Colleague: 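Take a look at the following structure, please.
Since this is a predicted model, take the numbers as computed values, not measurements. We name chains A, B, ... by the order of the sequence lines, and we start the count at 1 in each one.
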Amino acid sequence: GAGVSQSPSNKVTEKGKDVELRCDPISGHTALYWYRQRLGQGLEFLIYFQGNSAPDKSGLPSDRFSAERTGESVSTLTIQRTQQEDSAVYLCASSPPPPGELFFGEGSRLTVL
Amino acid sequence: AQKVTQAQTEISVVEKEDVTLDCVYETRDTTYYLFWYKQPPSGELVFLIRRNSFDEQNEISGRYSWNFQKSTSSFNFTITASQVVDSAVYFCALICFTGGFKTIFGAGTRLFVKA
């Protein structure tokens with residue numbers, strides 16, 4: 001497809017389990033972002049990848065969160081030992097080289113029981 | 001520091017009213033870019049507009065218009081004759097060099113348009 005693709009669209013897990021969320025950006029987009037959005041809230045920045053530069057991890061809330069990106073393609077956000085407060089929609093966005101606008105995926109809704 | 005402030009958390013209007021969403025930004029850079037995004041109830045964020053700091057011309061697109069004023073560091077968004085379909089959360093955003101060219105979002109303004 002032509003847009004940003006995220007999977008899974010919905011994930012229900014038990015507290016303490018690890019989860020992986022995947023993002024396929026638009027081909028050719030050098031920048032990739034992960035955001036967290038809790039119900040009725042704004043966008044909480046998590047991590048930013050730009051080309052071959054070191055990622056900006058300043059938004060990761062704890063060391064249970066990590067993300068990787070392979071070149072300028074797929075990215076995976078991993079949450080270890082999930083907690084109930086991790087329940088949210090995790091949004092991925094990609095963009096052409098700055099100052100390009102962001103193209104968002106539909107998000108991965110995570111529910112931690 | 002780079003920052004985007006959207007002071008209005010929620011706005012409620014009746015259909016056909018005009019409404020302005022405020023956005024104030026902070027940056028010391030002379031070159032920067034401002035954006036507006038819309039997140040309808042369906043959830044998917046979409047890009048609306050980008051302006052660069054050297055172009056202060058106001059822009060109009062149908063019922064939407066944007067007023068960029070460097071003197072007040074504002075980039076306000078007006079919807080004329082609002083419609084129920086305009087109900088959404090609107091985010092203002094900034095990209096600048098000092099911010100590492102990272103998109104910095106405001107907290108968003110939730111707009112309710114009642115029939």
Side-chain angles (χ1 to χ4, degrees), chain A residues 1-7 9-10 23 25-26 29-60 67 69 88-111, chain B residues 1-10 21 23 25 27 29-55 59 66 75 87-112:
Chain A
V4 176
S5 178
Q6 290 189 246
S7 61
S9 54
N10 273 288
C23 174
I26 293 172
H29 280 190
T30 59
L32 187 146
Y33 296 76
W34 283 98
Y35 293 92
R36 178 168 69 180
Q37 188 172 36
R38 294 196 167 99
L39 188 63
Q41 302 297 309
L43 302 171
E44 180 184 1
F45 166 76
L46 297 178
I47 190 167
Y48 166 52
F49 297 90
Q50 174 55 253
N52 294 319
S53 302
D56 179 342
K57 304 179 181 180
S58 61
L60 295 177
R69 187 181 186 192
V89 176
Y90 289 82
L91 293 167
C92 176
S94 70
S95 79
E101 67 269 25
L102 300 189
F103 293 78
F104 283 84
E106 294 187 351
S108 292
R109 182 178 298 278
L110 174 66
T111 303
Chain B
Q2 308 77 43
K3 188 178 176 182
V4 176
T5 301
Q6 295 180 255
Q8 303 150 308
T9 306
E10 289 188 0
L21 310 181
C23 172
Y25 61 92
T27 177
D29 290 10
T30 55
T31 302
Y32 51 89
Y33 302 84
L34 297 162
F35 301 77
W36 277 94
Y37 292 83
K38 174 181 180 180
Q39 186 176 36
S42 61
E44 193 163 343
L45 276 134
V46 293
F47 161 78
L48 293 178
I49 189 171
R50 176 180 65 209
R51 304 295 290 184
N52 72 58
S53 52
F54 298 108
D55 183 1
E59 182 153 339
W66 291 269
F75 185 44
S87 297
V89 180
Y90 292 87
F91 293 94
C92 182
L94 166 71
I95 287 180
C96 59
F97 172 75
T98 307
F101 288 116
K102 180 175 72 181
T103 301
I104 298 165
F105 281 93
T109 297
R110 184 177 298 274
L111 174 65
F112 295 98

Colleague: Would you give the length of the straight line joining atom CZ of A:Arg109 to atom CG of A:Leu91, rounded to the nearest 0.5 angstrom?
Modeller: 9.5 Å
Colleague: Within a radius of less than 6.0 Å around CZ of B:Phe97, do more than 12 heavy atoms belonging to other residues, nucleotides or ligands occur?
Modeller: no
Colleague: Does either side chain, that of A:Gln50 or that of A:Tyr48, offer a donor lying less than 3.5 Å from an acceptor on the other one?
Modeller: yes
Colleague: Determine the interplanar angle of the B:Phe75 and B:Trp36 rings, folded into 0 to 90°, and report it as parallel if under 30°, tilted if 30 to 60°, perpendicular if over 60°.
Modeller: tilted
Colleague: Chain A heavy atoms under 4.5 Å from B:Phe91: which part of the residue, side chain, backbone, both or neither?
Modeller: side chain
Colleague: Which bit of A:Gln37 is near chain B, if near means a heavy-atom gap under 4.5 Å: side chain, backbone, both or neither?
Modeller: side chain
Colleague: Given heavy-atom pairs under 4.5 angstrom as the criterion, report whether the side chain, backbone, both or neither of B:Leu45 touches chain A.
Modeller: both
Colleague: Check each atom of B:Tyr33 against the heavy atoms of chain A and say whether the ones under 4.5 Å are side chain, backbone, both or neither.
Modeller: side chain
Colleague: Please look at B:Gln6 and chain A and tell me whether the side chain, the backbone, both or neither of the residue comes under 4.5 angstrom of a heavy atom of that chain.
Modeller: neither
Colleague: Anything under 30° is parallel, anything over 60° is perpendicular, the rest tilted; go ahead and classify A:Tyr35 against A:Tyr33.
Modeller: parallel
